[in-house]
Amino acid sequence: MSVVLNFKSHISELFAQALREVAPDAAQIDILIERPKQVSHGDYACNLAMQLARPLRKSPRDIAQALIAALPVSDVIEKVEIAGAGFINLFLTKAAKQAIVHAVLHAGAGYGHIHLGAGRKLQVEFVSANPTGPLHVGHGRGAAVGDCLCNVLHAAGWNVTREFYYNDAGAQIENLMRSVQLRCKGITPDDPSWPEGGYRGDYIADVARAYMARETVEADDQRTTGKGEVDDEVAIRHFAVAYLRREQDLDLRAFNVEFDVFSLESALYSEGKVEETVGRLIASGHTYEQDDALWLRTTDFGDDKDRVMRKTDGGYTYFVPDVAYHLEKWRRGFVRVINEQGADHHSTITRVRAGLQALDIGIPKGWPDYVLHQMVTVLKNGEEVKISKRAGSYVTLRDLIDEVGCDATRYFLAARHPDSQLVFDIDLAKSKTNDNPVYYIQYAHARISTVLETWGGERLSLLQADFGLLDSEYETALLQLMIDYPQVIESAAQDLAPHLVAFYLKDLAAAFHSYYNASRFLVDDEAVKCARLALIAAAAQVMSNGLALLGVSAPEKM
RNA sequence: GUGCCCAUAGCUCAACCGGAUAGAGCACCAGCCUUCUAAGCUGGGGGUUACAGGUUCGAUUCCUGUUGGGCACACCA
């Protein structure tokens, strides 16, 4: 029999043919195939008959009857039923489900990879913290969500570039330099002369100490040595930025996140990109001078008021380099760009898009895409934690990694819908119990590893197992979940919702744990043993693949 | 005041772009280790999906309004 991997699209295709026959005029209707919640409703269901009831002015059940009659024969479908108001429920043959085990074992780490992106270039910009301090929890959420999203999009067939944008020019860098300089002079934040908005964290003292000690720091591809001159503002600025970039790099590495490209705001100025963008905007006719400032008429593109581009002091506002940066992204050939940011930046969306529209060079209206994550609050002993020793006013990503580990931190920060506010409960993330989904999933993987190790046979031989022996309700549940996996990747990629992977893995782990408790694998009957081992080996493979997308390890032992 | 996000079991969260009896875990109660990992499993109780309308065969989902929470509203980034 033919091997079908994507049952949803296969069935959808069958219905498309039936639809052309039954209702040629309604062929543009979207055919939706879904997985019923109840097993008695079959493996897949279609509501097409109900959708057609109105245009055809016939009863849904009659239409369902006609559709079923016109449905092409498929050897993966066992039976088709009409149910309820006019649902068409489809049941797969056992053999079709069982074939998934071979498919998973054969594809290995590649199982779940789909061709949605068709190799097109896509860029995800995330974290993009200012180099003015250690990364905080919010950046951590951005890092976890952004990185998982990249993994998911890669699995979905996109050619993904991970990018980090440093705002290393502008007022806040001036502020950083000033704070470090004061520390170099021995002035501390509790001194009355400390400026209002100066950075107060202990890390500023570390930077100052390293600068005065003429230390060398390596960040990205550059080496920078502290000059030790208290009055050399250029040198202090340069060193402080390099020092903090290195610190952020180390945090990200500890978090298992790697970027392909680092873009610097300062480079946009030094390479003339900002001037060029301003020139293009003026030439496009969407700017005007008023009150000694240059304005962009962003109200032409949906903004609620126009925005200043060039201030009366001659400097540019931040959104000009932002537009220049995104123009560069466009020129670099990314058909799709996704910016993952904290929701507190949501007001930039309209402005950046407006700026790009004003360029009049054919950039699509909704480009780029945005994923905005809501705030994170940290809880410990039932109380909100607001400060860390090192940063002072906020909890750092490093604090979390040190306290609960990389795996749990990544899981908890990525396993929620980005639109929901997130409470990070340190005690829960640390707990090694049932409440903690990370360990629940990892434990399932480790259990399977142990069984396979105890068995000690050659794993490749499992490909030859008789999958027809996999017939129990537990086995069927696992088979169906493994069939669903590519669908999960597709949804997560389309909705830009990597948390779906986390929920899926919990379901898969649960199905395995139930199976584990209900039946033994290392039984005397050789054929049954091989079939069961093949099944759980495949399940472990899917767990491992899914955990890899989350950036969480899949341990052999726990 | 304006814009964006959110509201589902006592708690933390799901619900496959409008589907069938709204699901898990925790907590509570009752069980399961001479067996491949009990960091596990099985069973039980627990809901007016914040509230009020609307759209239709059908709404947790879409629309309007109200309430409550968060965020943003600079010639800062």
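Throughout, a chain's letter reflects where its sequence line sits, starting with A, and its residues are numbered from 1. Here the structure is a predicted model, which means the values were calculated and not measured.
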[N] to [M] separation - [atom1] atoms, rounded to the nearest Å:
N     : M     : atom1 : result
B:C13 : B:G47 : C1'   : 15 Å
B:G3  : B:A20 : C1'   : 39 Å
B:G46 : B:G10 : P     : 12 Å
B:U56 : B:G18 : C1'   : 10 Å
B:C62 : B:C6  : P     : 9 Å
B:G53 : B:C71 : C1'   : 29 Å
B:A9  : B:A22 : P     : 15 Å
B:G19 : B:U61 : P     : 11 Å

When you measure from the side chain of [X], which nucleotide among [options] comes out closest?
X        : options             : result
A:Gln172 : B:G40, B:C5, B:A77  : B:A77
A:His499 : B:A15, B:G19, B:A77 : B:A15
A:Asn167 : B:C5, B:A77, B:C16  : B:A77
A:Leu522 : B:A20, B:C76, B:C36 : B:C36
A:Met558 : B:G40, B:C76, B:U37 : B:U37

State plainly whether the residues [X] and [Y] are in salt-bridge range, i.e. N to O under 4.0 Å.
X        : Y        : answer
A:Arg245 : A:Asp168 : no
A:Arg141 : A:Glu340 : no
A:Asp322 : A:Arg351 : no
A:Glu453 : A:Lys557 : yes

Problem set entry | Integer-rounded Å distance: B:C17 P and A:Ile31 CD1 | 16 Å
Below 4.0 Å: OP1/OP2 of [N] and any side-chain N or O of [X]:
X        : N     : answer
A:Lys37  : B:A20 : yes
A:Tyr411 : B:C13 : no
A:Ser514 : B:U42 : yes

Problem set entry | Interatomic distance, A:Lys97 atom NZ to A:Asp43 atom CG [nearest 0.5 angstrom] | 3.5 Å
Donor-acceptor pair present, [X] side chain and [N] base, under 3.5 Å:
X        : N     : value
A:Asn89  : B:A20 : yes
A:Arg520 : B:U35 : yes
A:Tyr443 : B:A39 : no

Identify whether any heavy atom of [X] sits under 4.0 Å from a base atom; if not, whether one sits that close to sugar-phosphate; answer base, sugar-phosphate or nothing.
X        : result
A:Gln442 : nothing
A:Ser59  : nothing
A:Ala45  : base
A:Ala444 : nothing
A:Tyr516 : base
A:Asn130 : sugar-phosphate
A:Ile349 : nothing
A:Lys506 : nothing

Exercise. By centroid distance (under 5.5 Å) and plane angle (under 30°), are A:Phe87 and B:A20 in a stacked arrangement?
Worked result: yes
Exercise. Do A:Gln248 side-chain atoms and A:Asn130 backbone N/O form a donor-acceptor pair below 3.5 Å?
Worked result: yes
Problem set entry | Side chain A:Gln172, main chain A:Asn167, donor-acceptor under 3.5 Å | yes
Exercise. How does protein contact run along nucleotides 70-75 of chain B, one letter per nucleotide 5' to 3', with B for base contact, S for sugar-phosphate only, - for none, heavy atoms under 4.0 Å?
Worked result: SBS-SB
Exercise. Between A:Tyr516 and A:Tyr474, does the ring centre distance come in under 6.0 Å?
Worked result: no
For this session: Decide if the gap between the ring center of A:Tyr440 and the ring center of A:His513 is smaller than 6.0 angstrom.
Result: yes
For this session: Using the closest heavy atom to pick a nucleotide of RNA chain B for each, name whichever of A:Asp507 or A:Arg416 lands nearer the 5' end.
Result: A:Arg416
Exercise. Between A:Asp495 and A:Ala83, which is nearer to the 5' end of RNA chain B once each is assigned its nearest nucleotide?
Worked result: A:Asp495
Problem set entry | Sequence neighbours excluded, every pair satisfying salt bridge (Lys or Arg N to Asp or Glu O under 4.0 Å) that has a member inside residues 510-527 of chain A | A:Glu526-A:Lys529
Exercise. Which class fits the ring pair A:His136 and A:Tyr394: parallel under 30°, tilted 30 to 60°, perpendicular over 60°?
Worked result: perpendicular
Exercise. Taking the inter-plane angle between the rings of A:Tyr504 and A:Tyr485 on a 0 to 90° scale, is it parallel (under 30°), tilted (30 to 60°) or perpendicular (over 60°)?
Worked result: tilted
Exercise. Can you give the dot-bracket line for RNA chain B, using ( ) for pairs inside the strand, [ ] for pairs that cross earlier ones, | for pairs with another strand and . for unpaired bases, where Watson-Crick and G-U count if both distances are under 3.5 Å?
Worked result: (((((((..((((.....[...)))).(((((.......))))).....(((((..]....))))))))))))....
